[in-house]
Each structure stands twice: as C-alpha cells, then as structure tokens.
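Since the structure comes first, as structure tokens, the remarks are kept for the end.
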Amino acid sequence: MNERIIDIYDYKAKGLLSFMFSLPENWDYSMNGLVNVSKENIKEIRTILQ
C-alpha cells in the first residue's frame, strides 16, 4: 500500500493523509472537521481529497 500512495497521490494529499492518520480514532473525520483544524477552506480540502 505504501508504494501505491507514493505513486498516486500528490504532496498535499499525502500530507493530509498523514495528518489524518495521526488523529485519534474517535476524531470527527468530516470535511468540517478537517477545515476546523487546518488553514485550508472546505473547497481546498475537497480538491485535495478528489
């Protein structure tokens, strides 16, 4: 799986994924939850996740 992540995702997506893996399991994994803890707005988060 790590090789696939390296091949497919850009640096922003890899960073977001790494950040999400560092959060507690019970954290709010939603668009609004990500916006609340980042400097990106919802449109930027949505673009990264696509």
Side-chain angles (χ1 to χ4, degrees):
M1 178 161 169
N2 286 342
E3 183 177 28
R4 193 163 184 214
I5 289 171
I6 290 169
D7 293 339
I8 294 175
Y9 298 107
D10 63 14
Y11 285 112
K12 281 189 175 185
K14 289 177 197 174
L16 181 58
L17 184 61
S18 296
F19 174 70
M20 291 172 70
F21 281 146
S22 74
L23 296 169
E25 288 184 29
N26 63 346
W27 190 78
D28 176 19
Y29 287 93
S30 68
M31 299 293 275
N32 288 332
L34 291 171
V35 170
N36 287 334
V37 293
S38 72
K39 64 180 183 177
E40 283 77 26
N41 61 40
I42 198 159
K43 183 178 178 185
E44 292 168 329
I45 296 290
R46 190 174 287 124
T47 299
I48 294 169
L49 292 173
Q50 290 181 349

Y29 atom OH: more than 12 heavy-atom contacts under 6.0 Å: yes

Donor-acceptor contact below 3.5 Å, side chain E44 vs main chain N41: yes

Taking every non-hydrogen atom, the tightest pair across W27 and L34: CH2-N, 3.5 Å

Shortest non-hydrogen separation from M31 to L49 and the atoms involved: SD-CD1, 3.6 Å

Same apolar cluster: I42 and L17, side chain cutoff 4.5 Å: no

Donor + acceptor pair across side chains of S30, N32 (<3.5 Å): no

From D28 atom CG to L23 atom CG, the distance as rounded to the nearest 0.5 Å: 10.0 Å

Non-hydrogen atoms of I45 and S38 that approach each other most closely: CD1-OG, 3.8 Å

